[in-house]
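Got a structure for you, questions after.
None of the values given here were measured: they were computed from a predicted structure. Sequence lines set the chain letters: A, B, ... in the order given, protein chains first and strands last, and positions in each chain run from 1.
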2 protein chains.
Amino acid sequence: MTEPRKRDSAASKEALLDAARDLFAERGYDRTTVRDIARRAGVNQALLFRYFGSKEALFAAVVARSGRDQLARAPRELLVARMLRGLLDKDSHGDRAVQIMLRSSGEDSVAKEIHGQLGQDYIRALSALTGEPNAELRAHLVLAWIVGIDIVRSVAGSDPLAGADSDDVIACVLPAVRTLLEQVRDIPSETDA
Amino acid sequence: MTEPRKRDSAASKEALLDAARDLFAERGYDRTTVRDIARRAGVNQALLFRYFGSKEALFAAVVARSGRDQLARAPRELLVARMLRGLLDKDSHGDRAVQIMLRSSGEDSVAKEIHGQLGQDYIRALSALTGEPNAELRAHLVLAWIVGIDIVRSVAGSDPLAGADSDDVIACVLPAVRTLLEQVRDIPSETDA
DNA sequence: TCACGTTGTAAGCGCATGCTTACAACTTCG
DNA sequence: CGAAGTTGTAAGCATGCGCTTACAACGTGA
């Protein structure tokens, strides 16, 4: 760094949040180091600790930010389709909150609490998509599927699911999801508008 | 260790494989340390490296052993139900190969290859459960769901899915899975026999 | 202008990880 | 019986991790 960075704490914080969001989503919590995050953000790693206090607190901030945005933006019955397209469409900056959150296979109770809170928001939203008595269980199962799709795609990078046309995946998944949450809908395509 | 262990390399290897199987399934690859494995196996960690060469090679051995057992044992149409019950029923020593395999969110190409091979065996088995042209895609989606269920259960440890009665989960999941793989069946209960 | 608070940096701490080394004790075979 | 190979062990290496410390430079307000 021959040129010292201009001082702008808000920009530094934003850069760290963006970098962390992307890296946590790509690699999961454990395999994302604070050095990686700082490097991608273009800041010194000490700033991460100054502004967020710890790696874990940064994680919580990322999850909270990502999830809040999506839940505010999506009509409920489109939520599943948005989450799926968010992970299937490479360019899309769709909903990554769920995979970011659950991709960290942390077992500690603090992380669990963090996940739990936002998770509850998603579960509440999904539970409202069915009139069945075991709505919460169904919501969890649907959430689990979305998470699983993300993980299987990344691990088995060269098979049909990784390279799948998102419409093909949606065509398989949504009818199945509807056996659980009957109000789920796909996003209207442009030609429908 | 006041009493030196009796020399038995086969028993030591077996103990390491069992310990690793359990810990990888519980914690995932990254959060399982070689010291943890050795401790649970009741051996010195140097033996792990002597007998398996590396943590990664041990992982490969565990995955290969677990998966092979299950695929040999299960009639195809019961495979999904067995995998689900394997993770839902706490006492069961059911099929953990898939979650062990995919729970490690490793991105390196060696791990990917390892996963890929056994994964292909599962995919082949699952693909044969439908006559649809995109059978492989469907198989991957089902596998993804199983993985996702395991992960969501462990992360969100106190909600309906974690404490769920396995019959309730199966009752929700199997009909949905059948929209993808029509030949899937549940395990006959004892009273049916 | 100057003092103080804020922001950015490089270096390093303490600890944990996968793995290695050196040694002792045992077991087997000629 | 003794040599060689095998098995088990404790200790430690090299590296990387989250996090801290100390300093410099800047920006703001009195």
Side-chain angles (χ1 to χ4, degrees), chain A residues 1-20 23-24 26-63 104-111 114, chain B residues 1-21 23-24 26-63 103-111 114:
Chain A
M1 267 300 183
T2 47
E3 184 107 356
R5 286 186 69 246
K6 183 163 171 91
R7 292 155 63 118
D8 184 346
S9 66
S12 296
K13 284 182 203 160
E14 197 76 13
L16 283 166
L17 283 165
D18 289 345
L23 287 165
F24 286 142
E26 285 164 32
R27 303 181 188 173
Y29 181 79
D30 286 332
R31 292 200 173 213
T32 299
T33 68
V34 294
R35 286 167 175 84
D36 291 336
I37 294 167
R39 195 177 302 118
R40 187 172 288 197
V43 304
N44 186 285
Q45 74 181 80
L47 292 193
L48 186 152
F49 295 97
R50 181 173 296 149
Y51 293 135
F52 297 98
S54 67
K55 183 186 178 185
E56 193 158 297
L58 173 61
F59 176 77
V62 167
V63 169
S104 75
S105 39
E107 303 272 356
D108 49 284
S109 60
V110 177
I114 290 161
Chain B
M1 266 302 187
T2 47
E3 182 105 359
R5 286 185 72 246
K6 181 162 173 91
R7 291 156 65 118
D8 184 348
S9 65
S12 296
K13 284 181 204 161
E14 197 74 14
L16 283 166
L17 283 167
D18 289 345
R21 179 200 61 209
L23 286 166
F24 285 140
E26 285 164 32
R27 302 182 188 168
Y29 182 79
D30 285 332
R31 291 197 172 215
T32 300
T33 68
V34 294
R35 286 169 174 82
D36 290 337
I37 295 167
R39 194 176 304 119
R40 186 172 286 197
V43 305
N44 186 284
Q45 76 181 79
L47 292 192
L48 186 152
F49 294 97
R50 181 175 294 149
Y51 293 136
F52 297 100
S54 65
K55 181 185 178 184
E56 192 158 297
L58 173 61
F59 176 77
V62 165
V63 169
R103 192 116 176 236
S104 76
S105 39
E107 303 273 356
D108 49 285
S109 58
V110 178
I114 290 161

Inset, instruction - Figure out the CZ/P separation between A:F59 and D:dC19, and round it to whole Å. - result: 14 Å

Legend entry - Closest listed nucleotide, where the reference is the side chain of A:R7 and the choices are D:dC19, C:dG8, D:dG8: C:dG8

Inset, instruction - Ignoring the backbone of A:F49, work out which of C:dC19, D:dT7, D:dT20 is nearest its side chain. - result: D:dT20

Legend entry - Polar pair under 3.5 Å, donor/acceptor by atom type, side chain B:R35, base C:dG18: yes

Legend entry - Nearest-Å distance for atom pair CD/P, residues A:E14 and C:dT7: 15 Å

Legend entry - Whichever of A:N44 and B:A10 has its nearest DNA chain D nucleotide further upstream toward 5': B:A10

Legend entry - Per A:S9 side chain, nearest of listed nucleotides C:dT7, C:dA25, C:dT21: C:dT7

Legend entry - Per A:T33 side chain, nearest of listed nucleotides D:dC17, C:dG5, C:dT20: D:dC17

Inset, instruction - Just call it for B:K13: base, sugar-phosphate, or nothing, with non-hydrogen atoms closer than 4.0 Å on any strand. - result: nothing

Inset, instruction - Measure the distance from CG on B:L47 to C1' on C:dG18 and round it to the nearest whole Å. - result: 15 Å

Legend entry - Nearest-0.5 Å distance, CZ of residue B:R39 to OG1 of residue B:T33: 6.5 Å

Inset, instruction - Name the closest nucleotide to the A:Q45 side chain, picking from D:dT9, D:dT20, D:dC19. - result: D:dC19

Legend entry - Side chains of B:L16 and B:K13 in contact at under 4.5 Å (non-hydrogen atoms): no

Legend entry - Within-4.5 Å side-chain heavy-atom neighbours: A:L17 and A:L58: yes

Inset, instruction - Check the distance between C:dG18's C1' and B:D30's CG and give it to me in whole angstrom. - result: 13 Å

Inset, instruction - Tell me which nucleotide among D:dT9, D:dG18, C:dT9 gets nearest to the side chain of A:V34. - result: D:dG18

Inset, instruction - Provide, to the nearest angstrom, the distance between the NZ atom belonging to B:K55 and the P atom belonging to D:dG16. - result: 16 Å

Legend entry - Any side-chain heavy-atom pair of A:F49 and A:V34 under 4.5 Å: yes

Legend entry - Touch class at under 4.0 angstrom, heavy-atom based, for A:F52 against every strand present: nothing

Legend entry - Of the listed nucleotides D:dG27, C:dC19, C:dA22, the one nearest the side chain of B:R50: C:dA22

Legend entry - pair A:D36-A:R40: side-chain heavy atoms closer than 4.5 Å: no

Inset, instruction - Provide, to the nearest angstrom, the distance between the CZ atom belonging to A:R31 and the P atom belonging to D:dG16. - result: 14 Å

Inset, instruction - Identify, between B:A46 and B:K6, the residue whose nearest nucleotide on DNA chain C lies closer to the 5' end. - result: B:A46

Inset, instruction - Report the distance from atom CG of A:L48 to atom P of D:dC19, rounded to the nearest whole Å. - result: 8 Å

Legend entry - Spacing between A:D36 atom CG and D:dC19 atom P, to the nearest angstrom: 14 Å

